[in-house]
A.B. asks: 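Structure in structure tokens, see below.
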Amino acid sequence: MNYWLFKSEPSDYSFENFISDKETCWEGIRNYQARNFIRDDIKINDEVLFYHSNISEPHLVGLAKVIREAYPDHYSWNKEHKYYDLKSSPDNPRWFMVDIKAIKELKRIVYLKEIKQEPKLSKMILLNNSRLSIQPVKKCERDLIIKMSNN
DNA sequence: GCCAACGTTGGC
DNA sequence: GCCAACGTTGGC
């Protein structure tokens with residue numbers, strides 16, 4: 001099983017929204033690196049750390065698991081949709097999504113500030129490529145974050 | 001709201 | 001295939 005971090009701006013889609021939906025398709029990824037993780041690497045039952053970005057105190061807020069592997073992001077060929085891409089089509093989809101299911105809120109929110117202060121987490125992509133919205137997390141990193149959230 | 005970092009686009 | 005211009009992300 002692998003671990004991932006998914007970012008979302010709470011003003012777009014918060015963990016609270018997600019909890020009330022129970023499940024969601026992770027649509028709208030329009031970055032090739034993130035797309036490749038979705039298409040090639042994210043597997044059923046992988047665990048997702050849900051991160052709130054682009055707010056005053058960015059933080060990890062909850063856990064989810066993958067319940068459906070990559071399938072084409074059909075919004076990408078819907079002209080009405082915000083994430084429409086001229087170059088994507090049903091015959092040749094450029095973008096993909098996975099479905100995830102909410103597991104639970106973390107016992108306690110873990111702030112970016114705390115992650116930065118923890119030397120063992122200094123290699124996290126979160127701290128080194130701040131723009132990647134889907135990123136792998138090492139098991140040891142994930143375990144430490146869970147531990148932090150339980151304290 | 002600013003702006004650094006980084007990804008994408010397109011002219012050459 | 002280079003790289004300037006431009007757009008977006010996201011921390012602050």
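Below, chains carry the letters A, B, ... as their sequence lines are ordered, and counting in each starts from 1.
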A.B. asks: From CD1 of Ile134(A) over to P of dG7(B), roughly how many Å is that when rounded to an integer?
C.D. replies: 15 Å
A.B. asks: In whole Å, what is the span from the CG atom of Asn128(A) to the P atom of dG7(B)?
C.D. replies: 13 Å
A.B. asks: Can you tell me how far P of dC2(B) sits from CD1 of Ile55(A), to the nearest Å?
C.D. replies: 21 Å
A.B. asks: Could you give the CD-to-C1' distance, from Glu114(A) to dG11(C), as a whole number of Å?
C.D. replies: 16 Å
A.B. asks: Would you indicate which nucleotide in dT8(B), dC12(C), dC6(B) comes nearest to any side-chain atom of Leu112(A)?
C.D. replies: dC12(C)
A.B. asks: Taking C-beta and beyond as the side chain, do Pro72(A) and Trp95(A) meet within less than 4.5 Å on heavy atoms?
C.D. replies: no
A.B. asks: Kindly say if Tyr51(A) contacts the phosphate of dG11(C), meaning a side-chain N or O under 4.0 Å from OP1 or OP2.
C.D. replies: yes
A.B. asks: Between Tyr71(A) and Arg68(A), is there a cation-pi geometry (under 6.0 Å to ring centre, at most 45° from the normal)?
C.D. replies: yes
A.B. asks: Quick check on dG10(C): is either OP1 or OP2 less than 4.0 Å from any side-chain nitrogen or oxygen of Lys7(A)?
C.D. replies: yes
A.B. asks: Mark yes when over 12 heavy atoms from residues, nucleotides or ligands other than Lys120(A) sit less than 6.0 Å from its NZ; otherwise mark no.
C.D. replies: no
A.B. asks: Output the single nucleotide from dG11(C), dG7(B), dT8(B) whose closest atom is nearest the side chain of Tyr32(A).
C.D. replies: dT8(B)
A.B. asks: If you check every side-chain atom of Asn129(A), which of dT8(B), dG11(C), dC6(B) has the closest atom?
C.D. replies: dC6(B)
A.B. asks: Would the Phe50(A) and Phe18(A) ring centres measure less than 6.0 Å apart?
C.D. replies: yes
A.B. asks: Between atom CD1 in Ile115(A) and atom P in dC12(C), what is the gap in whole Å?
C.D. replies: 11 Å
A.B. asks: Rounded to whole Å, how long is the line connecting atom NZ of Lys116(A) with atom P of dC12(C)?
C.D. replies: 3 Å
